[in-house]
Amino acid sequence: NPGILMLFTNRVFEFRWFDLMVGLRINLVMGSAMLLSMCCLILLNPEILFITKASRISQQVGQTRMKETMAALDALFGQDPLYLESGLRLSDVAARLQVDAITLSQSLNSVRGVNFNQHVNRWRVEHAKRRMAAGDHETLTIETIAKASGFASRSSFYNAFKAVEGMTPRAYIRHSKERLAIGEGA
C-alpha cells in the first residue's frame, strides 16, 4: 500500500532530520564552550598572544650564550683535539666546557644547524684532510688515517667524509692532485 510506505518513509525522514538537528546543537554547544574557554585563557594569560620585552631579552641572552658556547667549543677543539677520541660523547665535551649537555646540544643545533656527531665528524674530516695534504695517504692506508682521525670504522669515515666534502676520500685525493698539477703547470 503506497500510503503505508509514504507514512513509513516520512517517519524515517523525520527521525533522521531530528538526529541531524540534535547533532548540530551539540556541536554548537561544544564549539561555544571551547571558544569561551579559549577567551578565558587569553584574558587570564595575555602573554600567550604577545612576545613581551622580557622574553625578547631572554631570547637575546640565550642566543648570546649559545654563541659563546660555540666559541668555547671551537677553542677547546683547537687546543685539545678531543674529537680524535673515537668514543667521544656529548656529555664529556659539555663537562669540559662546564655547561650542561642540553645547552651544548641546543647551541649546536641553533647556531651551527648540526647535531653533536655531525659537528665532531666535521672536525675529524678536517683532520683527515690535513693528514692527506701532508702526504700521509702515500705511506698509510685511508683506513689508518680514518682511525687516527677518530673514526671507529671505515664506513663511518667514508659516510662523514662524503657528507662534508661531497666526495669520497679517494676522489678528494685525486681531485687535490689534479689541482696541484694544474697549479704547478701554470
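Predicted, not measured: the structure shown is a model, and the values here were computed from it.
- Among residues two or more places apart in sequence or in another chain, the side chain to side chain donor-acceptor pair (under 3.5 Å) test is passed with Ser86 by none.
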Can I get a per-line list of side-chain donor-acceptor pairs under 3.5 Å for residues 133-142, giving both atom names and the distance, sequence neighbours left out?
residue	atom	partner	partner atom	Å
Asp136	OD2	Arg131	NE	2.4
Asp136	OD2	Arg131	NH2	3.3
His137	ND1	Met132	O	3.0
Thr139	OG1	Asp136	O	3.4
Thr141	OG1	Thr144	N	3.1
Thr141	OG1	Thr144	OG1	2.7

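- Between His119 atom NE2 and Met70 atom CE the span is 6.0 Å, to the nearest 0.5 Å.
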Go through it in stages, so that I can follow the logic: the residues are Lys147 and Leu84, the test is side chain to side chain contact (heavy atoms under 4.5 Å, CB included), and I'd like the CA-CA distance, side-chain angles, deciding distance and then a yes or no.
CA-CA 8 Å; Lys147 294 275 186 197; Leu84 298 179; over 6 Å; no
Contacts table for residues 110-118: side-chain donor-acceptor under 3.5 angstrom, sequence neighbours left out:
residue	atom	partner	partner atom	Å
Arg112	NH1	Asp74	OD1	3.3
Arg112	NH2	Asp74	OD2	2.6
Asn115	OD1	Asn117	N	3.1
Asn115	OD1	Gln118	N	2.8
Gln118	OE1	Asn115	N	2.8

Which donor-acceptor pairs under 3.5 Å do the side chains of residues 161-170 make with protein atoms, sequence neighbours left out?
residue	atom	partner	partner atom	Å
Glu165	OE2	Lys129	NZ	2.6
Thr168	OG1	Ala171	N	3.2

Which donor-acceptor pairs under 3.5 Å do side chains of residues 90-100 form with protein atoms, sequence neighbours excluded?
residue	atom	partner	partner atom	Å
Asp92	OD1	Arg89	NH2	3.1
Asp92	OD2	Arg89	N	3.4
Arg96	NH1	Asp80	OD2	3.1
Arg96	NH2	Asp80	OD2	2.8
Asp100	OD1	Thr103	OG1	2.7
Asp100	OD2	Ile102	N	3.4
Asp100	OD2	Thr103	N	3.1
Asp100	OD2	Thr103	OG1	3.2

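- Within the structure, ring pair (Phe, Tyr, Trp, His ring centres under 6.0 Å) pairs that include any residue of residues 85-113 do not occur (at least two apart or interchain).
- Pairs passing the ring pair (Phe, Tyr, Trp, His ring centres under 6.0 Å) check and including a residue from residues 65-101, sequence neighbours excluded, read Phe77-Tyr83, Phe77-Trp123, Tyr83-Trp123.
- The distance from atom CE of Met66 to atom CG of Leu104, rounded to the nearest 0.5 Å, is 11.0 Å.
- Cluster annotation: Leu88 and Phe157 are assigned to distinct hydrophobic clusters (Ile/Leu/Val/Met/Phe/Trp/Tyr, side-chain heavy-atom contacts under 4.5 Å, transitive).
- Across all their heavy atoms, Ser149 and His127 have their closest contact at OG-ND1, 3.1 Å.
- Residues satisfying the side chain to side chain donor-acceptor pair (under 3.5 Å) test with Glu143, not counting sequence neighbours, are Arg154.
- By the criterion of side-chain heavy atoms lying less than 4.5 angstrom apart, applied directly or through intervening Ile, Leu, Val, Met, Phe, Trp or Tyr residues, Val120 is grouped together with Leu73 in one hydrophobic cluster.
- Under the side chain to side chain donor-acceptor pair (under 3.5 Å) criterion, Ser107 pairs with no residue at all, not counting sequence neighbours.
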